[in-house]
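Everything below concerns the one structure shown next.
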Amino acid sequence: MTSKSIDYSGLTFRRDYFGDRKAWQALVDLLKDTFGIDIGPLQQMGGPDPSSMPFCWFASDGQLAANLSAFAMPLVIDGRTVNAAAFQSGAVRPPWRGRGLCRDLTHKALAWCEEKGFEAVVLYTDKPGLYEPYGFCALPFHCHVGKAPVSSKAELPARRLNPLEPADLKLLRAALKTRVPVSDVLAVRESAAMFLINTQLDPGVMLSWLEREQTAVAWKMETPGHLTLLDVVGPEIPSLASIIGALDIDVTTVDVLFSPDKLGWSGQAKPVDSHTHFMIRSAGATAFAHPAMLSPMADF
Ligand SMILES: CC(C)(COP(=O)(O)OP(=O)(O)OC[C@H]1O[C@@H](n2cnc3c(N)ncnc32)[C@H](O)[C@@H]1OP(=O)(O)O)[C@@H](O)C(=O)NCCC(=O)NCCS
């Protein structure tokens, strides 16, 4: 793909700048201004994914004019580990839009992925048309809904985790490092940084620790009796019945926001209606064998 000529005057290209605190803060500001999200707390939680490779153009006033970050995000897709990279934090400040900066950074990030030998690249976007010219295609997500399984209270009920407490953070980080994928249909293999920052971006997410199973469960209960299960992080995936028993909650219906193939429960697949699309660029198959969804705790 050829790059059309761009006027770079007043701009400085940088990559791999996360070690520079001032430059990192410029990214925090860009994402706050563009998407209204604050990734600042990530620094207290172990920092960005260590594989991150950000590409950007800085303006002369120290502001970030444009950014696109890539990082390694190994996935399990249909039972196979896929050495995937992910793109995130794609944004251009309004005065710098329309002059090809996004295109330029996309080319640079894709070249890095090829150089590193990633077999796929994934991203989320509300503008699929922006990425289709580069060979990305959108894959629809399905959640699973159904009646709660019969469960009995666990002898040892789960306790709540607070990832901003050092002891809980340590526990959680260790569990994220050794986790098994929550599904064999579609799941991240690790992606600890994303899980941790997502606990802060959505205040509705509750985290519980199952001591016996050494497992963390991310969940919500926005309506009494209705459980939304977001993710399970542990050395094995407990059944949905034992998770509910350990959470010690009264549940009649459940939404599972990942493929429930390891939960001993099936539910019914339901298309997810979202303004953001999950896209993949890969030489292999570009459809899931079964209805699938990446846990929202892996959102990036
Ligand atoms: C979307 C955004 C990144 C585009 O940045 P930009 O630097 O203005 O884009 P470019 O000038 O490099 O344009 C690259 C191409 O994308 C196209 N494009 C730009 N905005 C687009 C949009 N909203 N939808 C579809 N295509 C778009 C351009 O027409 C151009 O096409 P061409 O290569 O055929 O000429 C920028 O508008 C932005 O930051 N928006 C808010 C945040 C956002 O939406 N981020 C991306 C989604 S993850």
Side-chain angles (χ1 to χ4, degrees), residues 1-15 17-18 23-40 42 48-49 52-73 75 84-114 118 120-141 188 191 193-194 197-198 201-202 272-282 293-294 296 298-300:
M1 218 173 291
T2 54
S3 235
K4 298 172 195 170
S5 72
I6 301 170
D7 178 8
Y8 295 114
S9 47
L11 293 171
T12 308
F13 175 72
R14 285 180 72 178
R15 53 178 252 174
Y17 64 83
F18 281 176
W24 163 263
Q25 187 56 44
L27 175 66
V28 173
D29 294 342
L30 175 70
L31 299 184
K32 241 185 236 170
D33 295 345
T34 310
F35 301 111
I37 58 162
D38 182 10
I39 62 159
L42 199 47
D49 192 290
S52 296
M53 176 53 73
F55 300 87
C56 75
W57 286 99
F58 271 93
S60 50
D61 60 2
Q63 275 201 334
L64 210 45
N67 186 82
L68 181 63
S69 306
F71 64 102
M73 193 182 209
L75 296 169
F87 285 177
Q88 66 177 174
S89 311
V92 178
R93 284 197 180 274
W96 301 96
R97 288 182 189 165
R99 55 170 85 192
L101 294 182
C102 172
R103 188 189 325 120
D104 172 70
L105 295 178
T106 306
H107 283 146
K108 287 180 160 80
L110 285 173
W112 179 78
C113 291
E114 302 226 331
F118 288 107
V121 186
V122 295
L123 56 80
Y124 282 103
T125 184
D126 61 348
K127 302 177 181 69
L130 192 61
Y131 297 103
E132 278 158 3
Y134 304 97
F136 285 88
C137 65
L139 292 182
F141 275 173
V188 292
S191 286
M194 292 311 119
I197 192 63
N198 283 320
L201 294 180
D202 183 347
V272 174
D273 188 19
S274 167
H275 68 289
T276 56
H277 302 261
F278 177 77
M279 301 189 85
I280 190 161
R281 179 185 196 257
S282 149
M293 171 172 186
L294 206 55
D299 269 8
F300 54 91

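In what follows, every heavy atom counts, from backbone to side chain, and hydrogens, waters and symmetry copies are set aside. Atoms within each ligand, like the ligands themselves, are counted from 1 in listed order.
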Among Leu123, Leu139, Thr125, the one residue meeting side chain to side chain contact (heavy atoms under 4.5 Å, CB included) with Phe278: Leu139
Do the non-hydrogen side-chain atoms of Leu27 and Pro54 ever get within less than 4.5 Å of each other?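 Sidechains of Pro54 and Leu27: no contact.
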Would you say that Arg93 contacts Gln63 through its side chain, given a criterion of any heavy-atom pair below 4.5 Å between the two side chains?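 Yes - at least one pair of side-chain heavy atoms lies under 4.5 Å apart.
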Using a 4.0 Å heavy-atom threshold (strictly under), name the region of [X] that reaches ligand 1: side chain, backbone, both or neither.
X	answer
Arg97	both
Val92	both
Arg99	backbone

Ignoring angles and geometry beyond distance, decide whether [X] reaches within less than 3.5 Å of ligand 1 through its nitrogen or oxygen atoms.
X	result
Cys102	yes
Phe35	no
Arg103	yes
Thr34	no

Is the shortest distance from a heavy atom of Phe87 to ligand 1 less than 4.0 Å?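 It does not, in that no heavy atom of Phe87 comes within the 4.0 Å cut-off of ligand 1.
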Is the Phe58-Tyr17 ring centre distance short of 6.0 angstrom? yes
Winner among [options] once heavy atoms are compared against [atom]:
atom	options	answer
atom 15 (C) of ligand 1	Leu130, Leu30, Thr106	Leu130
atom 44 (O) of ligand 1	Lys127, His107, His277	Lys127
atom 11 (O) of ligand 1	Gly100, Ser89, Pro94, Ala65	Gly100

Heavy atoms only: give me the nearest [X]-[Y] pair and the separation to one decimal.
X	Y	value
Val28	Gly40	CG1-N, 4.0 Å
Leu105	Cys56	CD2-N, 3.9 Å
Leu75	Ala84	CD1-CB, 4.0 Å

Give me the ring orientation class for Tyr8 and Trp57: parallel if the planes are under 30° apart, tilted from 30 to 60°, perpendicular past 60°. parallel
Using 30° and 60° as the class boundaries, would you call the ring planes of Phe118 and Trp112 parallel, tilted or perpendicular?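 Rings of Phe118 and Trp112: tilted, 30 to 60°.
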Against heavy atoms of [X], which atoms of ligand 1 measure under 4.0 Å?
X	result
Thr125	47 (C), 48 (S)
Ala91	39 (O)
Gly98	6 (P), 8 (O), 11 (O)

